[in-house]
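What you see is a predicted model; the values in this text were computed from it and never measured.
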Amino acid sequence: MTRAVDRVYAHLRDGIIAGSYEPGSRLGEVEIAELTATSRTPVREALRRLEMESLVEVLPHRGARVRSWTADDLDEIYDLRMNLEAMAASRAARRIDGKDLDRLAELCDLMEAAAAQGAEQRLDLMAQLNDEFHAIVRTAAASSRLLTMLGSVIQLPLVMRTFHRYAPADLARSHAHHRDLVAALRARDETWADSVMRAHVRAAKHVLLQSLAPPSDANPEKPDDTQEPRR
């Protein structure tokens, strides 16, 4: 049973993150059970797990569907993430060991190298490396409660493919934040680590919300050429 649930969960989560299941898409239990060669019971359990991670919403009498977010939702989620990630960074500054610090520095090198390539698959690799970077910091915080709370907000950047929305300047700033965070953790400076993480998540929120904003009319006074001229 557990293996079946894990298989269905992995299938759905990977599909949501990859965009195979788009926001608002219905997730029918029968169809998913057939697709994953299992019964509806593990499908229901997998959907519950995804609902707890805010990737899926289950509506009364309408079933499950992939979660979609408004700009207000994203603003709120990123503010929650900022506070939780900053707390994790602060705690990690007192607890992280040298081996993890060395791995964080190595990940900085790998992310910068991946970003320099610029290809789509390299950005996907950078997102994976970034996920590992932040996972090390969260784990070093040594707080199961904090990890549980973060679980509901850390999936969003993957689903929204945030790195694919970054301009070169945004990527450079993100890399600088990672380097600063490693320096703060090596210095065992809780306040510095907290501050860097807050700036890092706030910058990511800005990029995401700006990318979703409707384009503004640069020349609002310009007449519509499709209208018949006044006589």
Side-chain angles (χ1 to χ4, degrees), residues 17 52-54 73-118 122-211:
I17 290 173
M52 291 178 63
E53 295 177 1
S54 297
D73 291 333
L74 297 174
D75 185 74
E76 179 184 16
I77 290 169
Y78 263 84
D79 282 349
L80 287 170
R81 182 188 164 206
M82 178 180 65
N83 288 310
L84 293 171
E85 294 267 32
M87 181 180 293
S90 177
R91 288 178 59 89
R94 304 194 301 269
R95 296 168 172 82
I96 195 165
D97 61 29
K99 182 179 178 181
D100 282 341
L101 285 168
D102 290 342
R103 178 57 180 167
L104 290 177
E106 182 182 13
L107 287 168
C108 287
D109 293 337
L110 294 172
M111 282 187 281
E112 290 168 14
Q117 299 299 317
R122 302 297 286 183
L123 289 175
D124 288 336
L125 172 60
M126 191 173 67
Q128 295 172 15
L129 297 169
N130 179 74
D131 190 44
E132 181 184 349
F133 182 98
H134 285 277
I136 290 173
V137 176
R138 295 180 198 118
T139 301
S143 171
S144 58
R145 294 184 184 87
L146 189 53
L147 282 175
T148 299
M149 295 172 72
L150 274 164
S152 63
V153 295
I154 60 178
Q155 306 286 350
L156 185 59
L158 293 174
V159 177
M160 301 300 292
R161 298 172 68 80
T162 308
F163 272 125
H164 294 259
R165 303 169 188 267
Y166 276 30
D170 300 320
L171 287 173
R173 180 174 58 243
S174 179
H175 297 325
H177 286 156
H178 286 146
R179 295 287 186 185
D180 282 349
L181 183 58
V182 175
L185 294 173
R186 285 196 187 278
R188 306 294 177 183
D189 191 318
E190 301 166 33
T191 303
W192 185 9
D194 179 292
S195 177
V196 173
M197 186 63 83
R198 287 182 184 278
H200 183 58
V201 178
R202 188 180 293 277
K205 181 180 81 167
H206 173 77
V207 171
L208 178 58
L209 293 180
Q210 284 292 106
S211 72

| message | Looking at every non-hydrogen atom in both residues, tell me the closest pair between A105 and V182 and how far apart they are. | response | N-CG2, 4.4 Å
| Partners meeting side-chain contact (heavy atoms from CB on, under 4.5 Å) with A193 (sequence neighbours left out) | A89, A93, L181, A184, L185
| request: Rounded to the nearest 0.5 Å, what's the gap from NE2 on H178 to CG on N130? Could you check? | output: 4.0 Å
| query | side-chain contact (heavy atoms from CB on, under 4.5 Å) with A167: which residues, sequence neighbours excluded? | reply | D170
| query | Is there a side-chain contact between V207 and R173 (heavy atoms, below 4.5 Å)? | reply | yes
| task | Output, in order, the C-alpha distance, side-chain angles, deciding distance and verdict of side-chain contact (heavy atoms from CB on, under 4.5 Å) for L110 and F133. | result | CA-CA 11 Å; L110 294 172; F133 182 98; over 6 Å; no
| task | State whether the number of non-hydrogen atoms from other residues, nucleotides or ligands found under 6.0 Å of M82 atom CE is greater than 12. | result | yes
| said: Has T139 got a side-chain atom pairing as donor or acceptor with I136's backbone, closer than 3.5 angstrom? | reply: no
| Closest approach of R188 and A92, non-hydrogen atoms and distance? | NH1-O, 4.3 Å
| query | How far does CZ of R81 sit from CG of D79, to the nearest 0.5 angstrom? | reply | 11.5 Å
| Among pairs that include at least one residue of residues 103-117, which meet salt bridge (charged side-chain N to carboxylate O under 4.0 Å, His left out), considering only residues two or more places apart or in two chains? | R103-E106, R103-E132, D109-R179, E112-R179
| request: Could you grab the distance from atom CG of L146 to atom CZ of R138, nearest 0.5 Å is fine? | output: 9.5 Å
| query | Can you find a heavy atom in the side chain of L125 that is under 4.5 Å from one in the side chain of Q117? | reply | no
| message | Can you tell whether the side chains of D102 and R186 come within less than 4.0 Å, N to carboxylate O? | response | yes
| Are R198 and E85 within salt-bridge range, i.e. N to O under 4.0 Å? | no
| Would you call S174 and H200 a side-chain contact if the rule is heavy atoms closer than 4.5 Å? | yes
| Is V137 close to L104 at the side-chain level, that is, under 4.5 Å between some pair of heavy atoms? | yes
| Under 3.5 Å: donor-acceptor pair, side chain of T148, backbone of S144 | yes
| note | In terms of heavy-atom contacts, M111 and H175 come closest through O-CE1, 3.8 Å
| remark: When rounded to the nearest 0.5 Å, the distance separating CG of N83 from OH of Y78 is 14.5 Å
| query | Distance from L74 atom CG to K205 atom NZ, nearest 0.5 Å? | reply | 10.0 Å
| task | Find out whether H134 and M197 are in side-chain contact, i.e. whether some heavy atom of one side chain is under 4.5 Å from a heavy atom of the other. | result | yes
| Minimum heavy-atom distance A141-R91, with the two atoms named | O-NE, 2.9 Å
